[in-house]
Amino acid sequence: MADEQNWGDPIDLAEFGRDLARRRAEYEAKNGPIPVPRNSGTRRTPSKQALLDAINAITDKQGWRW
């Protein structure tokens, strides 16, 4: 079992997310979009596909790329 004292300080996930988004934007401004391979989706259930379609509709409307 790991010793709890070796885990370090807690990470603020909201701060981490903001920092990650900032670093990604800086990288992409210099190098272009990061190519992210997507899952082919051939084995998705109808409910999963509906969820992804809803997420895509929201992100497209907001101009986000997820």
Side-chain angles (χ1 to χ4, degrees):
M1 184 182 272
D3 182 355
E4 288 184 21
Q5 293 179 355
N6 292 332
W7 288 96
D9 294 330
I11 296 172
D12 181 333
L13 291 181
E15 183 180 330
F16 176 76
R18 286 189 297 271
D19 184 52
L20 183 62
R22 178 191 54 78
R23 289 185 287 135
R24 181 177 183 156
E26 287 175 0
Y27 178 89
E28 289 184 340
K30 292 178 186 174
N31 303 296
I34 298 171
V36 180
R38 295 291 183 171
N39 183 311
S40 68
T42 57
R43 294 170 32 118
R44 290 189 181 134
T45 63
S47 61
K48 176 69 176 233
Q49 187 58 52
L51 173 64
L52 294 175
D53 289 343
I55 292 170
N56 285 329
I58 292 168
T59 57
D60 288 346
K61 190 183 297 184
Q62 297 294 324
W64 301 340
R65 185 170 60 98
W66 70 283

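Because the structure is predicted, anything quoted here is derived from the model rather than measured.
In the displayed structure, Leu20 atom CG is contacted under 6.0 Å by more than 12 heavy atoms of other residues, nucleotides or ligands.
Looking at Asn56, its side chain does come within 3.5 Å of a backbone N or O of Leu52 through a donor-acceptor pair.
With rounding to the nearest 0.5 Å, the separation of CZ in Arg18 from CG in Leu13 is 10.5 Å.
The salt bridge (Lys or Arg N to Asp or Glu O under 4.0 Å) test applied to Glu26 returns Arg22, not counting sequence neighbours.
Contact detail for Ile34 and Glu28: the closest heavy-atom pair is N-OE2, 3.1 Å.
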